[in-house]
Each structure stands twice: as C-alpha cells, then as structure tokens.
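Structure record follows, encoded as structure tokens.
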Amino acid sequence: MISKPRGTRDFTPEEMRKRRWLEQKMRSIFEKYGYEEISTPTIEHLDLFTLKSGEGIIEETYAFEDKAGRKLALRPELTAPVMRFYVERFQMETKPIKFYYFGNCFRYDRPQKGRYREFWQFGCELIGSDKPEAIAELIAMAYNILRESGLRNIILRVGNLDILRRFLDGIGARDAEIMRLIDKKDFEELEKKMEEKEFKEFMNFIEIKKIEEIEYEEADRMKEIFEFLEEFAIPYNLDLSIARGLDYYIGVVFEIDAPKLGAEKQICGGGEYNLVPLLGGRKIPTAGFAIGFDRTLLALETEGFKFEEEYKPVYIAYMEGMIKEAIKIVRMVRQHDIKAEMDLMRRSISKSLEYANKKGFNKVIIVAPDEWKKNKVVLKDMEKREQKEVEIESLPHLLKNQA
RNA sequence: GCCCGGGUGGUGUAGCGGUAACAUAGGGGACUGUGGAUCCCCUGUCUCGGGUUCAAAUCCCGACCCGGGCCCCA
C-alpha cells in the first residue's frame, strides 16, 4: 500500500467543508479592506528564496533540479514570490497596491501538531505606503480576520525593530547572533553574551509596556500607529522583544498567537520589510503578514467553534422499475439549482429510507408507479415524519421554500 | 536532524510468545409500497523488512508513519 508522504494530509469531506468555509470567510474580509487576490506558481527558482533568506534555508526547502538542470524549489512562503511578481509586473501601478493570496507552501521540517510539510497560508502585502495609518490598518485587518473568523482567544503583540536596533546600538550589543537569541527568547544565553549592566538594561527595555516611555525619535511614529490602532479598536501589546532574525525586516513587526495551541501557537506574523531592492526593483515601502491557515483552523476547533452546516440535498428514492422516472425527477430538480441525489444502489424503499435517515437527509422524494400515473410523487419530510403526494410540477417551488 | 511515546478490520479497542477477538461502521436479508429498534448472513485487520524461536500481533533491530517536545520557523 502506498501512503501519503510524511507531513502531508488528505482532507475528508467534513474537513474540506470547514476549510472551504474558513477560506471564504478570510477571503471576504480581505476583500472588505479592498485587497485583491493574486496567485503565483507553486514552484519558483531556488534563488528567489536564498536571495531573501540565505543559503541556510535550502536544508528546509524542497529544492530540486528539473530535467534541464534548473535549480527550483517548492515555495516555502509567499512573500518573496509576491514581491517578485510585483517587481516583474506592477512597479508602475497606482499606489497603494493591496494584494492578498492563499496558497500551499512546503517546508522540509519535522512534522508536529500544527506543523506540516505542506501547509496553507493566507497573506497580504501592502505596497507603496508606510504611513502610520497604513500600518495600523494592516495590523487591524490581521487581527480582525482572525476575530471575525470566530477566534476568541488571541493575543496581538507589536514590536519595532528600528527601536530595538537603536537600543542595542546604544549598549553596543547589536549583532546577528544577539538578534537571533532575542527572537528565540533565550535569555539565559543572552545573559552570557552581554555584560551584566547591559543585560539588566536590556531586560528593563523589553519590559517596557508603554511606548511613551521610549525617547528615541523612532518612537514618535510608533506612538501614532498605536493611536490609530486604538481608533481601529484593536487591543494590542507592546513587545519590544520581537526580533525576527533576518536583515530585511525593518520598523514595525507583529505576531498574533493562539495560546491554546501549545508549541506551535503563532498563527500570524508580519511587519514592514525591505525586499524589493534585493529583487532588482526600485525601493518602495512594503509591509504584509501571513496567517497560518491550518493553525487557525486548529485553533477554532480547539475553541469548540461551531461551523455552519450546509443544507442537505434532496434524496430521490424509487420503486422497482422506476429508475428512468427517478432520473427525470432528479434532472428536473437540479435544473432548478436544488441539490439532489438519487439512489444509486437499487435499494428497496425500506433500505432507501434507512439510508436517507442515516445520512441526515431531511427531504426525500419517492417515485412510485401509482402516483406517477397521476403526475405525482411522494414528498417526505424525514424530521416531521410526514409525507404527502405532490404534483411533479410543484416540486421546485416546494423544495426551494423548505430548503 | 535530535529525544520520548505509539502503530491490531474504515473507526475505536482487547490480546502482549501457542486458533486474531469485541464493538461500531459498510453491503444484503427477515419486512413483496415506507426510516431510527431487533435478529440473521456477508465483507474486512496485526504498518513494512530483517532477526530470535518448534511457534511472533506479542521479544529484538531497522525503516516508515502518527503524537508530544527540542532545533528551526523565511
């Protein structure tokens, strides 16, 4: 037997119903903010990702050579492809540009709860404005997408790399390794890397919860962003310890967690970055975020969220020798855009009803010879346990009203 | 890549050296024109590969996959 590759998943109809529901929900919210959907290829040149994140990421990327020897990769994320698309096609477009996307990504990781080798990301990029209200709206949208999807237990943390870097410069402790340790919140190692006095200052610094306490000029813009976030009615927490390892992140960064998820609790991350020049485009403000679709769904399920149920099709059962008549009925009903399925097992009426009952159909049409002669069928309501003979012509009307 | 735990019908479990079992689900029937109960019949299982043994689902090793954590998280 051949099973699915490690870290990938099959989705049952029940799971797909939930996924489609959430997908449509999130899509509609992006649209509500005026973002437009784009899509990029599943495979890209490997260089697109190494350029952005360094050679180190190859180990965790599905990288391969095609038959012509090109170095390609299954995309491990979507920001770089979208920026590539922007540089190739949209540099001269009216600003701001607001793109959103939904797609599968691949990382060669050790799978665990909420972490798969094939996973789905929703995300967006805002190109052309770095005004405080633009960043505030972006963060507000991220937060609201999760809230309006039904999540109740989420925490938004907002940091600022300009301020963090300024501070580290001030105590002479800025380097890549320290940024990495801050990102990991590995304070024990940090203590070893810094002088005692510096470390104390640092710990005091990241404890700051009010932006007013920071005196750098970089804090002014941050203050304004927070004012606007309040205007957008978004509860936020200042967290100056958000570091993000990579150099092209600048300015505001933010993360949203669903604390109940455990080790893999971050469901959204984003901020301002500077990637366009790396890809050969003209420098322009860019910011965005990505939402872990699978984790969001997991978080919803953990919170016991009730997903809407779709209405059931009408089920058409028939007496022996009435198959063609049943087909006529199922055709006619479907032509009126009513979901319908007919018995495909040649079941007896008794078994058909047992089946309809088990599968949760509410409406059943029984096609039988006596009624057929009168241009009628039996319409049965499974829940009310009632049935009546109805004119065939009246079926679409009756079914639509009762859907 | 590392550490720990686990893989028995579709699903959930028992068995833990000696005939693979139970529940549930699926198909059919008892009920020849009417559903949730009952009864009967049928289908279907030890993740894979080595090893130990007279004998392995069971013990050992490895692989694969799943779960929890570490690393990483663009």
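Order of the sequence lines sets the chain letters (A, B, ...), proteins ahead of strands, with each chain counted from 1. Side chains are part of it too, since the values below use all heavy atoms of this structure and drop only hydrogens, waters and symmetry mates.
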For [N], which nucleotide is its Watson-Crick or G-U wobble mate, given both distances must be under 3.5 Å?
N	result
B:A57	none
B:A30	B:U38
B:U47	B:A63
B:G17	none

Nearest to the side chain of [X], which nucleotide is it out of [options]?
X	options	value
A:M345	B:C72, B:A74, B:G27	B:G27
A:Q112	B:G69, B:C72, B:G27	B:G69
A:T61	B:C72, B:A74, B:C66	B:A74

Quick check on RNA chain B: between A:L261 and A:Q266, whose nearest nucleotide comes earlier from the 5' end?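 Of the two residues, A:L261 wins.
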
Strictly below 4.0 Å: does A:K4 bring a side-chain N or O up to OP1 or OP2 of B:C64?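 For B:C64, neither OP1 nor OP2 has a side-chain N or O of A:K4 closer than 4.0 Å.
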
Nearest atoms (heavy-atom pairs only) where [X] meets [Y]:
X	Y	answer
A:L46	A:A73	CD1-CB, 3.8 Å
A:L156	A:N237	O-ND2, 2.9 Å
A:K4	A:T8	CE-O, 3.1 Å

Mind checking what makes side chain to side chain contact (heavy atoms under 4.5 Å, CB included) contact with [X], not counting sequence neighbours?
X	result
A:Y216	A:I163, A:R166, A:F167, A:I214, A:E218
A:E325	A:M322, A:V367, A:W372
A:S129	A:K131, A:A134
A:D257	A:R157, A:K265, A:Q266

Which of residues 5-12 of chain A sit near RNA chain B, with a heavy atom under 4.0 Å from it?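 A:R6, A:G7, in order of number.
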
For nucleotides 2-8 of chain B, give me one character per nucleotide, 5' to 3': B if any protein heavy atom sits under 4.0 Å from the base, S if the only such contacts are to the sugar-phosphate, - if neither. BB-----

Base, backbone or nothing for each nucleotide of nucleotides 29-34 of chain B, written B, S, -, heavy atoms under 4.0 angstrom, 5' to 3'? B---BB

Spacing between [X] atom [atom1] and [N] atom [atom2], to the nearest angstrom:
X	N	atom1	atom2	answer
A:Y249	B:C73	OH	C1'	10 Å
A:M83	B:A74	CE	P	16 Å
A:D109	B:G69	CG	C1'	14 Å
A:K363	B:G35	NZ	P	18 Å
A:Y108	B:A74	OH	C1'	19 Å
A:I242	B:C73	CD1	C1'	15 Å
A:N274	B:A74	CG	C1'	15 Å
A:E14	B:U11	CD	C1'	13 Å

What class does the angle between the rings of A:F202 and A:F187 fall in, given that below 30° is parallel, 30 to 60° is tilted and above 60° is perpendicular?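 Rings of A:F202 and A:F187: tilted, 30 to 60°.
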
For residues 312-324 of chain A, which residue pairs qualify under side-chain hydrogen bond (donor to acceptor under 3.5 Å, both in side chains), counting only residues two or more places apart or in two chains?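 Only A:Y315-A:S352 qualify under side-chain hydrogen bond (donor to acceptor under 3.5 Å, both in side chains).
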
Roughly how far apart, to the nearest Å, are [N] and [M] at atom [atom1]?
N	M	atom1	answer
B:U58	B:A20	P	13 Å
B:A57	B:U52	C1'	16 Å
B:G7	B:G26	P	27 Å
B:G44	B:G51	C1'	30 Å
B:C46	B:C16	C1'	12 Å
B:A21	B:U8	C1'	10 Å
B:A25	B:C40	P	15 Å
B:G9	B:G15	P	15 Å

Could you tell me whether A:Y248 contacts a base, only the sugar-phosphate backbone, or nothing, with contacts defined as non-hydrogen atoms closer than 4.0 Å?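 A:Y248: backbone/sugar contact only, no base atoms under 4.0 Å.
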
Could you tell me whether A:R347 contacts a base, only the sugar-phosphate backbone, or nothing, with contacts defined as non-hydrogen atoms closer than 4.0 Å?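 Touches sugar-phosphate only.
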
For A:K373, give me all partners under salt bridge (charged side-chain N to carboxylate O under 4.0 Å, His left out), at least two apart in sequence or on another chain.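 With sequence neighbours excluded, A:K373 shows a salt bridge (charged side-chain N to carboxylate O under 4.0 Å, His left out) to A:D370, given in chain and number order.
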
Among all residues two or more places apart in sequence or in another chain, which pass the salt bridge (charged side-chain N to carboxylate O under 4.0 Å, His left out) test with A:E77?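 Partners of A:E77 under the salt bridge (charged side-chain N to carboxylate O under 4.0 Å, His left out) test: A:K52.
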
Verify ring pair (Phe, Tyr, Trp, His ring centres under 6.0 Å) between A:F99 and A:F90, making sure each step is shown before the conclusion. CA-CA 11 Å; A:F99 287 151; A:F90 293 100; 5.0 Å; yes

Could you list the donor-acceptor pairs under 3.5 angstrom formed between side-chain atoms of residues 300-307 of chain A and any protein atom two or more places apart in sequence or on another chain?
unit_1 : atom_1 : unit_2 : atom_2 : d
A:E301 : OE2    : A:K18  : NZ     : 3.1
A:T302 : OG1    : A:L298 : O      : 2.7
A:E303 : OE1    : A:R152 : N      : 2.8
A:E303 : OE2    : A:R152 : N      : 3.3
A:E303 : OE2    : A:N153 : N      : 2.8

Pairs in or reaching into residues 264-286 of chain A: which pass ring-ring contact (aromatic ring centres under 6.0 Å, His included), with residues at least two apart or in two chains?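 Matches after skipping sequence neighbours: none remain.
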
